[in-house]
**Student:** 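If you scroll down you'll find the structure; I have some questions about it.
The structure displayed is predicted, hence computed values, not measured ones. The analysis underlying the following values was restricted to heavy atoms, covering all of them including side chains, and did not include hydrogens, waters or symmetry mates. By convention in this document, chain letters (A, B, ...) are assigned in the order of the sequence lines, proteins followed by strands, and residues within each chain are numbered from 1.
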Amino acid sequence: MAGYLIRRFGLMLVTLFGISVLVFVMLRLVPGNIADILFDAAGLIDTADKAKLEHDLGIDRPIVVQYAQWVNGLAHGDLGYSYVSEKPALQEIAPRIPITAKLAGLALLFSIVFGVPLGVISAVRQNTPIDYVLRVVSLSGLSMPSFWLGLLVLMAFVAWFGSIPIYTDPPKGFWNTLYLYSVPAVAVGFRSSALVMRLTRSSMLEVLRQDYIRTARAKGASLHNVNYHHALRNALLPVVTVIGIEAAFLMGGLIVTETVFNIPGVARFLVEAIRWRDYPIVQNLVMFIAVVAVGMNFIIDVLYAVLDPRIRYSG
Amino acid sequence: MRAKLTALAAAVLTVASIGAAQAAGQPKHGGILRFYHRETPPSLSILEEATFSVNAPAMGIYNNLVLYDQHKPQNSMGTIEPELATSWAWDKANTALTFKLRQGVTWHDGKPFTSADVKCTFDLLLDKNPKDKLRKNPRKGWFEEISDVTTNGDFEVTIHLKRPQPSILAMLASGYTPMYSCHVPSAQMRTHPIGTGPFMFADEKQNESIKLVKNPHYWKKDLPYLDGIEYTIIKNRATAVLAFVAGKVDVTFPTEMTKALEADIKKQDPTAICEIGPINVSTNLIINRDKPPFDNLELRKAMAMALDRKAFIDLILQGAGDAGGALLPPPEGVWGMPPDILKTIPGYGDVAKDREAAKGIMKKLGYGPDKPLKIKVSTRNLATYRDPAVVLIDQLKSIWIDAELDPVESSAWFAKVARGDYSVGLNLTGNGIDDPDQAFYENFGCGSQRNYTHYCNKDLQKLFDEQSQITDVAKRKKLVWDIDKKLQEDVARPILYHARTGTCWKPYVKNFSIMTNSAYNGYRYEDVWLDK
């Protein structure tokens with residue numbers, strides 16, 4: 001087990017190094033930089049002033065030097081300064097992480113709480129009216145664009161309650177926080193739960209046809225015991241993978257939801273930073289999301305080994 | 001008895017209603033005015049920026065020497081009022097403008113405002129301060145005729161001009177020309193500005209909000225009425241409109257509502273007050289006159305004659321727009337050509353007739369239905385640019401110009417134009433003030449940074465200077481019309497339309513006014529109050 005974990009951890013570090021190089025280079029291949037954007041906003045084409053700004057920000061140096069400076073800064077806990085706000089990048093990024101984490105956590109909770117049990121019900125009641133209903137619900141969850149669903153929810157709130165659950169000020173107190181985050185979390189979680197539900201259903205159906213399930217039933221094990229103890233545990237492997245991937249995705253991929261519900265989270269900030277070519281923000285934020293994604297994969301690998309001991313021997 | 005009671009009740013009701021009416025009309029102190037903002041502004045340093053995304057939240061922080069009356073929608077020389085200056089006077093030669101300054105004014109950090117601060121501001125604008133420099137100086141050209149700024153004691157300052165330029169006062173009255181202090185570096189003004197205005201900067205969070213609080217030591221007695229102003233950044237317009245309808249914000253972002261959105265708001269909230277008007281931003285055609293075959297004036301004329309401006313306005317703006325020249329057309333515009341002059345210019349009259357004439361030119365140049373001229377129409381990859389470009393492409397087909405859309409990444413747009421790496425393009429031009437000097441020198445002056453087509457007519461340049469020195473408004477207007485007409489006939493930068501856009505606010509927001517001939521000058525908000 002220790003060897004397996006060390007191998008996975010080593011792979012994680014190599015992946016992160018690769019991502020850092022990729023992000024750094026790709027960002028500089030995109031046309032325009034902060035000087036272009038700032039001068040463009042003013043409708044100006046003063047090349048001398050623009051060159052001076054590029055020099056002041058250090059973006060006229062060779063790319064290798066810039067990369068070395070960034071990595072050196074990272075190693076010393078210095079993430080640089082945002083080109084737009086001129087504040088330390090860490091000061092800009094840090095407050096947004098808990099905002100997105102709360103939203104992603106609630107959305108993930110929603111998807112697991114609804115997705116797994118409903119997927120099991122759908123599988124054990126295959127081809128019954130309840131299965132049909134659940135399949136339609138899950139299909140609609142997968143096919144509805146989240147911006148459309150989000151706007152629909154907002155319109156409904158305005159029309160029915162005369163209020164709108166969007167983020168204009170930091171929420172005060174537990175219930176206010178729950179109210180503000182739960183509505184977008186449901187809008188996002190609906191899609192995730194549909195995915196989890198469908199995967200749980202298909203995985204359960206496959207497991208329920210296995211010989212050992214038939215054997216368990218023949219031995220007189222209760223239906224509950226067979227479904228939840230023998231079948232679900234084995235059917236969960238692909239579901240855990242998807243939940244892990246979803247968790248990583250939710251930390252950086254909620255751009256539409258954050259925009260529609262006006263939540264000042266990581267994804268919306270990242271897109272805005274890309275628009276401004278705010279390199280220190282983009283680089284560090286992408287690295288943070290990469291660490292979350294790679295970290296989640298590492299946890300999935302560990303969970304795999306726990307759920308299926310064969311993996312740790314062969315891996 | 002009953003009659004007496006009825007009379008008493010009526011009297012009580014009358015007194016109560018008069019009292020209520022008085023209360024509604026009497027300004028009240030307190031409350032936070034909430035706006036939504038369309039984006040995170042590049043900074044809060046007005047002198048360095050060129051978008052009203054900055055002026056709207058930041059104008060309340062500052063004061064000018066003089067300012068356009070904030071409640072007269074049409075900015076003109078006649079609506080300029082003293083602000084940090086108490087009076088101004090020209091010398092006999094009209095080349096020295098002396099301001100007496102207000103005493104007892106303090107900056108938000110408590111330091112006194114003096115004539116030295118005015119000089120420091122102009123040193124920044126004229127790039128004369130060896131120790132501090134604006135990162136960008138988009139309006140350096142406005143002040144090119146200033147030779148020097150001198151002080152006489154702490155409360156008198158004189159602006160010396162190279163030649164008479166009456167419109168310098170208009171430029172000083174713009175929201176774009178606030179006074180900066182000597183003791184706050186320009187870099188700090190971007191992130192934590194210090195002004196003398198009615199509101200003090202409190203906080204800015206990128207992508208989240210900008211907060212201003214009341215300046216308790218404001219030099220205008222009893223002002224501002226508001227305790228503060230908050231701008232919540234809501235990038236998604238659908239969410240922003242819903243936030244306004246639900247009462248999360250009191251005012252929409254200024255001039256951001258289209259006609260369709262305004263109708264939608266009025267449907268959902270019939271109490272909302274909405275105004276749609278021009279903002280002095282024109283959509284125009286830029287043709288690279290250095291690139292064959294567009295170096296041929298006849299071809300450029302044919303292109304201008306193929307334009308159907310009404311179709312543009314109907315299709316893109318649902319009718320909320322105006323045809324005009326380089327200057328905003330009347331009645332909102334002060335200097336724009338009247339319709340009877342406009343219709344004499346090729347391309348502004350009978351579209352069918354003009355297109356027939358344009359086809360004649362194209363035939364002479366060797367083009368026809370079997371041999372169309374193939375071109376690319378470049379524009380920024382933003383809806384406000386792309387949509388009219390598509391209509392333009394359709395209209396050019398009528399004279400055998402087969403155009404293809406070339407959407408350009410927004411950040412690369414001006415660099416591409418500067419390199420001359422385009423044939424035909426579509427651009428938007430905002431005028432900071434409704435004044436011929438600003439419009440002519442900035443957009444059509446020889447060598448100007450913003451003269452993207454490199455149009456340079458030495459004779460017209462002389463007329464620019466001539467009109468600039470005329471103090472008689474009627475006389476100047478006549479010359480301005482002649483110049484504008486000539487610019488359109490020369491196909492310098494054909495104006496497709498001037499858009500009209502709107503702002504909505506809740507009925508309890510009082511004393512709120514929208515400027516109709518500039519989107520950059522009306523955001524001081526010192527006497528806006530909330531009737532809540």
**Student:** Side chain, backbone, both or neither: which part of Arg190(B) has an atom under 4.5 Å from a heavy atom of chain A?
**Tutor:**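 Just its side chain gets close to chain A.
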**Student:** Checking heavy atoms, do the side chain of Glu230(B), its backbone, both or neither come under 4.5 Å from chain A?
**Tutor:**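 Side chain of Glu230(B) only, per the 4.5 Å heavy-atom cut-off to chain A.
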**Student:** A quick test of your reading: do over 12 heavy atoms of other residues, nucleotides or ligands sit less than 6.0 Å from CD of Glu144(B)?
**Tutor:**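 For Glu144(B), atom CD is not crowded (no more than 12 foreign heavy atoms under 6.0 Å).
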**Student:** Please tell me if the side chains of Lys87(A) and Lys205(B) come closer than 4.5 Å, counting only heavy atoms from C-beta onward.
**Tutor:** no
**Student:** Of the backbone (N, CA, C, O) and the side chain (C-beta and beyond), which part of Val158(A) lies under 4.5 Å from a heavy atom of chain B, both, or neither?
**Tutor:** side chain
**Student:** Where on Ser209(B) is there a heavy atom nearer than 4.5 Å to chain A: the side chain, the backbone, both, or neither?
**Tutor:**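 Neither part.
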**Student:** Check for a donor-acceptor pair, side chain of Asn262(A) on one end and backbone N or O of Ile233(B) on the other, with a separation under 3.5 Å.
**Tutor:**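 Yes: the side chain of Asn262(A) pairs with the backbone of Ile233(B).
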**Student:** Roughly how far, to the nearest 0.5 Å, is CD of Glu272(A) from CG of Asn207(B)?
**Tutor:**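 Output value for this atom pair is 4.5 Å.
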**Student:** Ion pair present between Glu39(B) and Arg275(A), side-chain N to carboxylate O less than 4.0 angstrom?
**Tutor:**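 Judged by the 4.0 Å cut-off on N to carboxylate O distance, Glu39(B) and Arg275(A) do form a salt bridge.
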**Student:** If you take all heavy atoms of Ile164(A) and Ala246(B), which pair is closest and at what distance?
**Tutor:**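 Heavy-atom minimum between the residues: CG2-CB, 3.6 Å.
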**Student:** Using side-chain heavy atoms (C-beta onward) and a distance below 4.5 Å, is Phe39(A) in contact with Pro138(B)?
**Tutor:**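 No, every pair of side-chain atoms sits at 4.5 Å or beyond.
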**Student:** When heavy-atom pairs shorter than 4.5 Å are enumerated against chain B, which of Asp169(A), Val30(A), Ile263(A), Val260(A) gives the highest number?
**Tutor:** Val260(A)
**Student:** Relative to chain B, which segment of Asp56(A) carries a heavy atom at a distance below 4.5 Å: side chain, backbone, both, or neither?
**Tutor:** neither
**Student:** Counting heavy-atom pairs under 4.5 Å to chain A, which of Thr40(B), Leu242(B), Asn236(B), Thr232(B) comes out on top?
**Tutor:**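 Most pairs with chain A among the choices: Leu242(B).
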**Student:** Is Lys136(B) reaching over with its side chain to a backbone N or O of Leu38(A), donor-acceptor style, under 3.5 angstrom?
**Tutor:**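 Between the backbone of Leu38(A) and the side chain of Lys136(B) there is a qualifying donor-acceptor contact (under 3.5 Å).
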**Student:** So which part of Lys211(B) gets closer than 4.5 Å to some heavy atom of chain A, the side chain, the backbone, both or neither?
**Tutor:**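 Looking at Lys211(B), just its side chain touches chain A.
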**Student:** Within the supplied structure, the quantity of interest is the number of heavy atoms (other residues, nucleotides, ligands) at a distance under 6.0 Å from Lys416(B) NZ; does it exceed 12?
**Tutor:** yes
**Student:** Is the shortest side-chain heavy-atom distance between Lys133(B) and Asp49(A) below 4.5 Å?
**Tutor:** yes
**Student:** Which bit of Thr168(A) is near chain B, if near means a heavy-atom gap under 4.5 Å: side chain, backbone, both or neither?
**Tutor:** both
**Student:** Contact part of Leu53(A) toward chain B, heavy-atom cut-off under 4.5 Å: side chain, backbone, both or neither?
**Tutor:** side chain
**Student:** Which pair of non-hydrogen atoms, one from Ile166(A) and one from Ala243(B), has the smallest distance, and what is that distance?
**Tutor:**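 The pair with the smallest heavy-atom distance is CD1-CB, 3.7 Å.
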**Student:** Just wondering, are more than 12 heavy atoms of other shown residues or ligands nearer than 6.0 Å to CZ in Phe157(A)?
**Tutor:** yes
**Student:** Which bit of Lys248(B) is near chain A, if near means a heavy-atom gap under 4.5 Å: side chain, backbone, both or neither?
**Tutor:** side chain
**Student:** For the side chain of Thr239(B) and the backbone of Phe261(A), is there at least one donor-acceptor N/O pair under 3.5 Å apart?
**Tutor:**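 Such a contact is absent between Thr239(B) side chain and Phe261(A) backbone.
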**Student:** Among Glu48(B), Gln206(B), Gln268(B), Glu208(B), who wins on heavy-atom pairs under 4.5 Å with chain A?
**Tutor:**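 Ranked by heavy-atom pairs under 4.5 Å with chain A, first place is Gln206(B).
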**Student:** Taking all non-hydrogen atoms of both residues, which atom of Arg135(B) and which atom of Tyr83(A) are closest, and how far apart?
**Tutor:**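 Smallest heavy-atom distance, with atoms named: NH1-O, 4.2 Å.
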